[in-house]
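Please read all numbers here as calculations on a predicted model, not as lab measurements.
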Amino acid sequence: MPVTVVILSCLLAASPLTDTQKRRIAGLSGAMQGTPDPTNEAWNDPTAALLGQRLFFDTGFSLNNQVSCATCHDPAMGFADGKPLPTGLAKGSRHTPSLLNVAEHRWFFWDGRADTLWSQALHPFERAEEFGSNRMAVLNRVHDDPILRTEYETVFGPLPPLDDHSRFPENAGPHAPSGSREHDAWQMMTPADQQACDRAFSNLGKAIAAYEHRLVPPPSSFDLFVTAMLADDHKAMAAYPDDARRGLLMFIDEAGCRQCHYGQLLSDLEFHNTGVPPSHGGLPRDAGRWEGIKLLQANPFRASGEFSDDPESIRALSTDSLARNSELWGAFRTPSLRNLNQTAPYMHQGQFKSIREVLDFYNTLDTMVVLDHHQETVLKPLGLTETQLEDLESFLMTLSSPKLPAELGRKPGSSPGIDQIETVD
Ligand code: HEC
Ligand code: HEC
């Protein structure tokens with residue numbers, strides 16, 4: 001390493017932080033719990049969370065009785081699956097994101113095609129490559145299971161009278177392939193019965209979201225550093241490693257990461273096209289946010305729709321006014337940079353196996369795929385040295401939290417309501 005770099009690094013580590021640096025650093029940390037969701041009145045209800053946790057670990061909702069949410073969102077792997085692309089009933093085309101701190105996001109999925117956590121949770125049930133089930137089969141399972149039904153009715157009131165099979169078929173749903181028996185059976189239901197079932201279905205999403213709201217791990221060593229910095233506690237600040245501190249200063253300044261990775265999740269919560277090469281080679285085929293907006297605005301379970309508990313909220317209204325411009329073609333949501341130690345591989349198709357591969361991409365942009373008319377121009381090759389890349393990686397690793405309480409990572413016990421989830425505060 002050149003002598004000047006060594007001297008400079010020592011100076012940086014030793015020098016006090018400027019007010020601008022402190023402000024930027026403080027902006028990357030903060031309380032992560034309890035951002036309310038006005039579109040889901042049950043978001044903080046303990047019985048709803050318990051029901052949601054049961055649903056999350058239940059394989060009985062999938063067509064082959066083998067797939068649950070936890071198949072792909074495995075608590076032992078940061079609620080991701082460790083694979084580039086997931087397999088449920090079939091192989092998916094996008095990488096499974098971690099669910100740690102997920103409630104802090106503004107849009108869900110890589111393309112943001114859900115605007116609430118509860119509406120996101122409805123997708124897997126009816127998607128062919130995830131659970132491959134149908135709406136009435138899902139509701140019937142809750143209806144026929146004494147524990148699920150008791151907890152559901154405690155929070156949301158009575159289920160529709162699903163015993164009456166002349167009105168409520170055992171298998172039916174709007175997303176079944178057209179021409180199939182399930183599709184026709186759904187069409188035969190009266191609009192009022194369809195609507196009652198849609199509402200019950202949306203309530204299952206609200207229960208799952210209440211559980212997901214609790215997936216908030218304890219503060220990371222970076223958060224402890226920020227707390228010490230704000231308290232002017234130099235002794236506690238000294239516990240933070242020097243290489244991570246150098247990486248942090250690079251992150252908020254010369255490496256330009258903060259342009260998109262800011263706020264407590266180190267994400268602007270919005271969408272960018274960074275030109276990461278698709279894993280199938282050639283040009284990208286995934287339209288990302290461009291398609292996501294269209295799907296979101298057509299979804300009856302969106303925040304401004306009839307199943308939302310606050311269709312007039314700012315969150316709801318902003319969905320309806322989203323505009324699609326060509327820059328959004330191939331744009332994906334900026335991921336959180338927390339808990340990267342648990343969530344490899346990275347990017348929307350799991351293209352990069354390690355953080356080092358991600359950093360090499362940003363450093364050279366050698367493999368970047370540029371689509372002429374719709375591409376962001378913020379990214380420039382960084383030309384960082386080996387030591388600087390190691391510093392950046394050390395910083396990113398300090399964003400990893402200790403594990404969640406074990407009770408949140410497993411199927412709850414078998415008595416309704418008794419086995420309450422411990423809160424994580
Ligand atoms: C077959 C694997 C698989 C199963 C099963 C599965 N997921 Fe996912 N999940 C994914 C993938 C892949 C994505 C990203 C898809 C995309 O962006 O288009 C995702 C996205 C999500 C997101 C959005 C996260 C974010 O940061 O935006 C949440 C929340 C989520 N899943 C929860 C669930 C729940 C709840 C269930 C069960 C009802 C479930 N998942 C079942 C693979 C799976
Ligand atoms: C123009 C906005 C932008 C800038 C600047 C930017 N990123 Fe990203 N970052 C993104 C987006 C968008 C993705 C997801 C891209 C994808 O999956 O195709 C991403 C993905 C990542 C990931 C993978 C996370 C995961 O879980 O998959 C890491 C790590 C990362 N960025 C770190 C950095 C670092 C370090 C810098 C600075 C050198 C940086 N980013 C600069 C927008 C940006």
How are the rings of [X] and [Y] set to each other: parallel, tilted or perpendicular (split at 30° and 60°)?
X    : Y    : result
H213 : W43  : tilted
F251 : H261 : tilted
F56  : H73  : tilted
H348 : F332 : parallel
F108 : H105 : perpendicular

Is the positively charged end of [X] above the ring of [Y], judged by distance under 6.0 angstrom from the centroid and angle within 45° of the axis?
X    : Y    : result
R113 : F109 : yes
R289 : W110 : no
R245 : F395 : no
R333 : W107 : no

From [X] atom [atom1] to [Y] atom [atom2], the distance as rounded to the nearest 0.5 Å:
X    : Y    : atom1 : atom2 : value
M136 : H143 : CE    : NE2   : 9.5 Å
L399 : M397 : CG    : CE    : 8.5 Å
H95  : L85  : NE2   : CG    : 8.5 Å

What I want to find out is whether [X] reaches [Y] closely enough, with some N-O distance under 4.0 Å, to be called a salt bridge.
X    : Y    : result
K91  : E129 : no
R258 : D253 : no
D45  : K206 : no
R302 : D115 : no
D37  : R315 : no

Taking atom types as modelled and ignoring hydrogens, do the side chains of [X] and [Y] form a donor-acceptor contact shorter than 3.5 angstrom?
X    : Y    : result
D268 : Y262 : no
D58  : S68  : no
E407 : Q53  : no

- Message: On a heavy-atom basis, which atom in L159 and which in E153 lie closest, and how many Å separate them?
- Response: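 Closest heavy-atom pair between L159 and E153: N-OE2, 2.9 Å.
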- Taking every non-hydrogen atom, the tightest pair across F301 and D198: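 Shortest heavy-atom contact: CE2-O, 3.6 Å.
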- Item | Flag, side chain of Q194 to backbone of W186, donor-acceptor distance under 3.5 Å |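 The answer is yes, because a donor-acceptor pair under 3.5 Å joins these two groups.
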- Message: Whether the side chain of S394 engages the backbone of E390 through a donor-acceptor N/O pair (distance < 3.5 Å, no angle test) should be reported.
- Response: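 At least one qualifying donor-acceptor pair exists.
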- Message: Check this for me: R356, atom CZ, are more than 12 non-hydrogen atoms of other residues, nucleotides or ligands nearer than 6.0 Å?
- Response: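 Enclosed.
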- Item | Atom NZ of K83: over 12 foreign heavy atoms under 6.0 Å |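 Count over threshold, so yes.
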- Query: So, for F131 and F125, is the gap between ring centers shorter than 6.0 Å?
  - Reply: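 Yes, ring centres under 6.0 Å apart.
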